[in-house]
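All remarks here apply to the structure that follows.
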Amino acid sequence: MDKKIVYSGIQPSGSLTIGNYIGALSNFAELQEEYNCLYCIVDMHAITVPQVPATLRKNTLDLLALYLACGLDPEKSIIYIQSHVPEHVELGWILNTMVGVGQLNRMTQYKDKAQKQKEVLAGLLNYPVLMAADILLYQASLVPVGEDQRQHIELTRDIAQRFNSHYSETFTLPDIMAPKVGARVMSLQEPSKKMSKSDDNANGFILILDDADTIRRKISRAVTDSEGVIRYSDEQPGVKNLLDIYAAFEKITAQEALQHFEGKNYAALKEEVAESIIAELSPIQERFHELRQDKEALEAIYKDGAQRASALARKTLRKVYRKVGFVGRY
Ligand code: ATP
Ligand code: LTN
């Protein structure tokens, strides 16, 4: 039997945090052994909020180098840039004719992001439709993403079902694959909020490329509470978040992390959390800086990825065009 297809994407919209790492990126590499994986850099999604062109270009290549530094292997997976495969936008348009504006208006990520914009652009509302197209084009069964993307995956299933029942069986219905620990890493400063790279307070997040001293400093300033006892409880969201981060980096359960810290104080917790993060990220940072310098190698990888992705995407799109009633061009 053919291997199942795994699909995920990350926006090149700035430096990635350990939230992105734990929730998504750190899970990508091992999936390559078991599945046929496609990993995309979703630049079309990034422009749904304002971007500086030169920065977007830089961030796109940074993210490609980071993918590779985290173990993504172009021999095993298809690694490519979304804007290089126009089929995403073509299918996206068709899917836009199969989804209600009301449903898009109810997406929580849309509501959050729209609030922060002076003018809400149509692309932001349609963002999840393009995401559905990304996934459905490749008949993906599994989508490794953080918990915040669950609603988008459900919408993708809805759209696919609608298309399948309106025309005929066409798309595979995908499932979310969220990690057991760390599917929602919280801000170090406001542990009721998701850790986000667009947070105004840089102490709220740790970047994958932060140096060791910065990591130690940010963790030592992380907000905890006045209880003084380490418990894994919603009443101690700061401590709980640190335990989750530790568990994710040590690849143990939250319960095991709790046992490890039983009887220790907050200072010890913070110190070990920081060292655990540093131990995992420093070799990635080293590889990143090396890979990032070789522009030609990066170019060869994204060109080859786009070709392979396009070939698969065209197969689905050809079917879709026929079912919709377009006169064939292929
Ligand atoms: P922003 O926070 O800047 O709005 P984002 O980081 O959510 O954007 P992406 O860069 O596209 O957007 O996210 C990439 C992946 O990281 C997604 O799978 C998302 O679910 C995951 N992710 C983002 N933040 C967290 C978090 N705090 N905890 C766990 N996973 C996260
Ligand atoms: N919306 C996603 C990024 C994304 C994505 C995808 C993830 C765009 N297209 C397809 C998985 C599959 C986010 O993480 N913010």
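What you see below is based on every heavy atom in this structure, not just the backbone, and it leaves out hydrogens, waters and symmetry mates. Indexing begins at 1, ligand by ligand and atom by atom, following the structure's order.
Taking any N or O of Tyr127, backbone or side chain, at least one lies under 3.5 Å from an N or O belonging to ligand 2. For Gln149, a nitrogen or oxygen atom sits less than 3.5 Å from a nitrogen or oxygen atom of ligand 2, counting backbone and side chain alike. For Ser8, no nitrogen or oxygen atom sits less than 3.5 Å from a nitrogen or oxygen atom of ligand 2, counting backbone and side chain alike.
For ligand 1, the protein residues placed under 4.0 Å by at least one non-hydrogen atom are Ile10, Gln11, Gly19, Asn20, Gly23, Ala24, Lys113, Val145, Gly146, Asp148, Gln149, Gly182, Ala183, Arg184, Val185, Lys194, Met195, Ser196, Lys197, Ser198.
Distances below 4.0 Å separate heavy atoms of Val145 from the following atoms of ligand 2: 7 (C), 11 (C). Those atoms of ligand 2 that come under 4.0 Å of a heavy atom in Tyr7, given as number and element, are 10 (C), 12 (C). Of all atoms in ligand 2, numbered sequentially from 1 with element shown, those under 4.0 Å from a heavy atom of Gln11 are 15 (N). Within ligand 2, counting atoms from 1 as listed, the ones closer than 4.0 Å to a heavy atom of Val143 are 11 (C), 12 (C). The contact set between ligand 2 and Val42, taken as ligand atoms under 4.0 Å from a residue heavy atom, comprises 8 (C), 9 (N).
With respect to Tyr39, the ring-ring contact (aromatic ring centres under 6.0 Å, His included) criterion is satisfied by exactly one of Tyr7, Tyr138, Phe28: Phe28.
Residues Leu142 and Pro144 come closest through the heavy atom pair O-CD, 3.7 Å. Here the closest heavy-atom approach between residue Phe249 and residue Glu280 is recorded as O-OE1, 3.4 Å. Summarising the geometry of Ala254 relative to Val181, their closest heavy-atom pair is N-CG1, 3.9 Å, with the distance given to 0.1 Å.
Of the inter-residue distances, the one linking Asp244 atom CG with Arg184 atom CZ reads 12.0 Å to the nearest 0.5 angstrom.
With respect to Arg157 and Glu154, no salt bridge is recorded, no charged nitrogen being found less than 4.0 Å from a carboxylate O.
Residues Tyr302 and Glu299 have side chains in contact (heavy-atom distance under 4.5 Å, counting atoms from C-beta outward). Residues His45 and Met131 are in side-chain contact: their nearest non-hydrogen atoms beyond the backbone lie under 4.5 Å apart. No side-chain heavy atom of Tyr80 sits under 4.5 Å from any side-chain heavy atom of Arg308.
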Any chance you could lay out the salt bridge (charged side-chain N to carboxylate O under 4.0 Å, His left out) test for Arg287 and Glu290, step after step, and finish with the verdict? CA-CA 5 Å; Arg287 283 196 294 274; Glu290 214 172 286; over 6 Å; no
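Two rings, from Phe171 and Phe163, have their centers less than 6.0 Å apart.
Atom CG of Asp234 has 12 or fewer neighbouring heavy atoms from other residues, nucleotides or ligands inside a 6.0 Å radius.
Closest to atom 9 (N) of ligand 2, if we only count protein heavy atoms, is Asp134 OD2, 2.6 Å. In this structure, atom 5 (C) of ligand 2 lies nearest to the protein heavy atom Gly9 O, 3.7 Å.
Contacts between Ile10 and ligand 2, counted as non-hydrogen atom pairs separated by less than 4.0 Å, are absent for every part of the residue. Contacts with ligand 2 closer than 4.0 Å are made by no heavy atom of Leu130, backbone or side chain.
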